[in-house]
Asks: 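I'd like to ask you about the structure that follows.
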Amino acid sequence: MATAGTVTPSKIIIDCDPGLDDALALALACAAPGLEIAGITTVAGNATLERTTVNALRLRAFLGADEVPVVPGSAGALAGHGLARHNSPHGVSGLGAVALPEVCPPPAGGHAADFLAEAVRAHPGEITLLALGPLTNIALAVRAEPRLVEQVRGLVVLGGRHTRRAPVPDFNLAADPEAAAVVFGAGWTVTAIGVDVAGQARAGDAVVAEMRTLGRLGRELLVPCVEFPRRAGGPGGPAVHDACAVACVIDPGVVTTAPAAVTVVTGPGTAPGTGSGDSGGSGGGKSGGGETAAGPAPGTTVTDLRPGRPANAVVATALDADRFWELALSSYRRLAHRLG
């Protein structure tokens, strides 16, 4: 294993489903010096597509990023079912109790998948895609333009569990397992920040106290995001998964990574090495989740960390939480000063 030393891009496109975590992530991306957000694309997930798009527009206005195009994408999964959560922990609106200005410019025209393909084609080798929600838009973009995998600078995905087994797959991949399988099997190297590692970035009491000092940014956005009752995270505070993924793009040293072969389960019999003869488990260098009588549930990641195996991903295996919060809070301070 090695400390992540991959790209620190100047241009990113954030594909997201805002979402309280997404709001924290977008704020962090807007605060990062030298990081240019070339676009925000939306997908249904934490709320309906209509709501996630409205949330992205309001966040863009609040964060002073009016020049960034917001392009709506997919309301449904590749297999045809809806993507939006029921009884979302992010509330009906997707942003819990956060109250942002109602008036904001409209979204750009077209579909997110087309925007992604066209933006990357126009800037080959320059754009890193950061996927914080279900992977439907990314999969559609790859299907429409297979050369996308050669033209991006990188792809960072928040999703999966790569260091240990868990009883259920994470939401992002389970919402559209077929899309996740397309993305992980497209022929590029996916940087995968699993929820097992990103979940270690928790907003505890000291972090919330610091957020309270950050003017309207802290008062109107950061603190309401982490204190929404449905996101109670126990004594360590709620996890801020999506912000962790953005931090890894800004400073790859926030996580430790390892090359891995990642397979996404889409149905019975789709995951290699999950039969009765598989030793599995973290001790065998494999991890997954969502085990049922018929095998792993759709959306489960089966991750092979054993050396020498063909790798399609670089997965996060550990988080430096102190380094993460030092980066996040210093960035939020700069943004708070800018917003007043």
Asks: Any ion pair linking Glu227 and Arg212 (charged N to carboxylate O, less than 4.0 Å)?
Replies: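 Looking at Arg212 and Glu227, the cut-off is met.
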Asks: For residues Leu26 and Ile40, determine if any side-chain heavy atom of one lies less than 4.5 Å from a side-chain heavy atom of the other.
Replies: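 Side-chain contact under 4.5 Å: yes.
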Asks: Using only heavy-atom distances, determine whether the side chains of Thr42 and Thr53 contain a donor-acceptor pair under 3.5 Å.
Replies: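 Distance-only check passes for Thr42 and Thr53.
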Asks: Which residues satisfy the salt bridge (charged side-chain N to carboxylate O under 4.0 Å, His left out) test with Arg338, sequence neighbours excluded?
Replies: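 None.
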Asks: Considering all heavy atoms of both residues, which atom of Ala32 and which atom of Ile250 are nearest to each other, and what is their separation?
Replies: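 Where Ala32 meets Ile250 most closely, the heavy atoms are CB-CD1, 3.5 Å.
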Asks: Do Val70 and Leu140 belong together in a cluster built from hydrophobic side chains that touch within less than 4.5 Å?
Replies: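 No, separate clusters.
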Asks: Using distance alone, with no hydrogens and no angle criterion, decide if Thr41 and Asp15 have a side-chain donor and acceptor under 3.5 Å apart.
Replies: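 Thr41 vs Asp15: donor-acceptor pair found between side chains.
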Asks: Taking all non-hydrogen atoms of both residues into account, name the closest pair between Cys248 and Val254 and its distance.
Replies: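 Smallest heavy-atom distance, with atoms named: SG-CG1, 4.2 Å.
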Asks: Would you check if there is a donor-acceptor pair between the side chains of Ser331 and Arg334 at a distance under 3.5 Å?
Replies: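 Present: a donor and an acceptor within the cut-off.
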Asks: How far apart are the closest heavy atoms of Val207 and Arg202, and which atoms are they?
Replies: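 It is CG2-O, 4.4 Å.
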Asks: Ion pair present between Asp304 and Arg309, side-chain N to carboxylate O less than 4.0 angstrom?
Replies: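 Salt bridge between Asp304 and Arg309, a charged N being under 4.0 Å from a carboxylate O: yes.
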Asks: About how many Å separate NE2 of His162 and OG1 of Thr303, when rounded to the nearest 0.5 Å?
Replies: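 If we round to the nearest 0.5 Å, Thr303:OG1 and His162:NE2 are 5.0 Å apart.
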Asks: Taking everything shown except Arg85 itself, do over 12 heavy atoms lie less than 6.0 Å from its CZ?
Replies: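 Check passes, neighbour count above 12.
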Asks: Please tell me if the side chains of Arg60 and Cys30 come closer than 4.5 Å, counting only heavy atoms from C-beta onward.
Replies: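 A side-chain contact under 4.5 Å is absent here.
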Asks: Does the pair Glu126/Lys11 count as a salt bridge with the N-to-O cut at 4.0 Å?
Replies: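 Between Lys11 and Glu126 there is a salt bridge, with a charged N closer than 4.0 Å to a carboxylate O.
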Asks: So Asp17 and Phe171, do their side chains get closer than 4.5 Å, heavy atoms only?
Replies: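 Result yes, sub-4.5 Å side-chain heavy-atom pair found.
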Asks: Any side-chain heavy atom of Leu24 within less than 4.5 Å of one from Leu28?
Replies: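 Not in contact.
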